[in-house]
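The block underneath contains the structure these notes are about, expressed in structure tokens.
Sequence lines set the chain letters: A, B, ... in the order given, protein chains first and strands last, and positions in each chain run from 1.
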There are 2 protein chains.
Amino acid sequence: MTLDIVGDRWTLVILRDLHLGKRRFSQFLDSPERIATNVLSDRLAQMEREGLVAKSLYQDRPKRYEYRLSEKGEALLPVLQAMSRWANRFVPDSWTTPPEFLNRKTP
Amino acid sequence: MTLDIVGDRWTLVILRDLHLGKRRFSQFLDSPERIATNVLSDRLAQMEREGLVAKSLYQDRPKRYEYRLSEKGEALLPVLQAMSRWANRFVPDSWTTPPEFLNRKTP
DNA sequence: CGGTATCCTATGGGATACTG
DNA sequence: CAGTATCCCATAGGATACCG
């Protein structure tokens, strides 16, 4: 199961984006990795089932949700930070790693 | 590129195994995730091209190699440790994490 | 905007056979 | 044992259209 999460590129991208503060569907779509809408939809649902992500209604009609990390999802931050540090050292252009991300305190 | 490495389940499995000290082709095959031979072969070649893994001849005829992590590959250990810590906390059965792995010192 | 549905193809990867 | 090669199918996921 851990492998299904960390070993999936789109899940990683979504996790990173959520840590960066993105929450709405279209905001994920703006990320440089260009995830397809159906894939995004699919992964968000999966991640919700896995308890990594929770969504909350922020508008009634039509229904609109925003997504945030659960504690379980938050706890993956160290994995992403480790990735970022590695990427900064070995392939600086390969992974979006703003400083405020690296400097985030692990809960 | 970082995503192609960390976001690929088989690459992660191989990295973990190499950190655990496995080196020979068939030893990888014994891992619980049951990688297929063609996939293993493919990933090892990929990882070699990416500079994560180096192989050295340990027997001449027929040619036999063993694999080890380069410095660049070694440097991914923190990612795997972060995964392991997360897995131990949230899904204890999902990822092979012997204590000596977690306790390894990052170079 | 915030999604869901459908279509369609590339390819990942399992099974298996084969070679040195 | 240590791989390489082939076959073959499922499915991931890109493109696109569509709906509330």
Can you tell me the distance, in whole Å, between the CG atom of B:Asp8 and the P atom of C:dT11? 15 Å
Under-4.0 Å side-chain N/O to phosphate OP1/OP2 contact, B:Arg34 with C:dG13: no
Rounded to whole Å, the CG-P distance (A:Asp4 to D:dA12) equals 11 Å
Could you list all the ring-ring contact (aromatic ring centres under 6.0 Å, His included) pairs where at least one residue sits in residues 32-87 of chain A, not counting sequence neighbours? A:Trp86-A:Phe90
Note: A:Asp30-A:Lys22 ion pair, threshold 4.0 Å (strictly below): no
Mind calculating the distance between CG (A:Leu40) and C1' (C:dG3) to the nearest angstrom? 9 Å
Do side-chain atoms of A:Ser26 reach the backbone of A:Leu29 as a donor and acceptor pair under 3.5 angstrom? no
What integer distance in Å separates A:Arg43:CZ from D:dG13:C1'? 8 Å
Taking only N and O in the side chain of A:Arg9, is any of them less than 4.0 Å away from OP1 or OP2 of D:dG13? no
Below 3.5 Å, can you tabulate the donor-acceptor pairs from side chains in residues 37-53 of chain A to any protein atom, sequence neighbours excluded?
from    : atom 1 : to     : atom 2 : distance (Å)
A:Arg43 : NE     : A:Asp8 : OD2    : 2.9
A:Arg43 : NH2    : A:Asp8 : OD1    : 3.0

Provide a list of protein-nucleic acid N or O atom pairs under 3.5 angstrom, restricted to nucleotides 3-6 of chain D.
from  : atom 1 : to      : atom 2 : distance (Å)
D:dG3 : OP1    : B:Tyr67 : OH     : 3.2
D:dG3 : OP2    : B:Tyr67 : OH     : 3.4
D:dT4 : OP2    : B:Ser41 : OG     : 2.2
D:dT4 : O4     : B:Thr37 : OG1    : 3.1

Decide yes or no for A:Met83 and A:Arg16: does some side-chain heavy atom of the first lie under 4.5 Å from some side-chain heavy atom of the second? no
Whole-Å distance, A:Ile35 CD1 to D:dT16 P, equals 17 Å
Whole Å only: how far is the CD atom of A:Glu48 from the C1' atom of C:dG2? 15 Å
Any non-hydrogen side-chain atom of A:Val79 less than 4.5 Å from a side-chain atom of B:Arg85? no
Within this structure, what is the CD-to-P distance between B:Glu33 and C:dG12, rounded to whole angstrom? 20 Å
Nearest-Å distance for atom pair CD1/C1', residues B:Ile14 and D:dA2: 15 Å
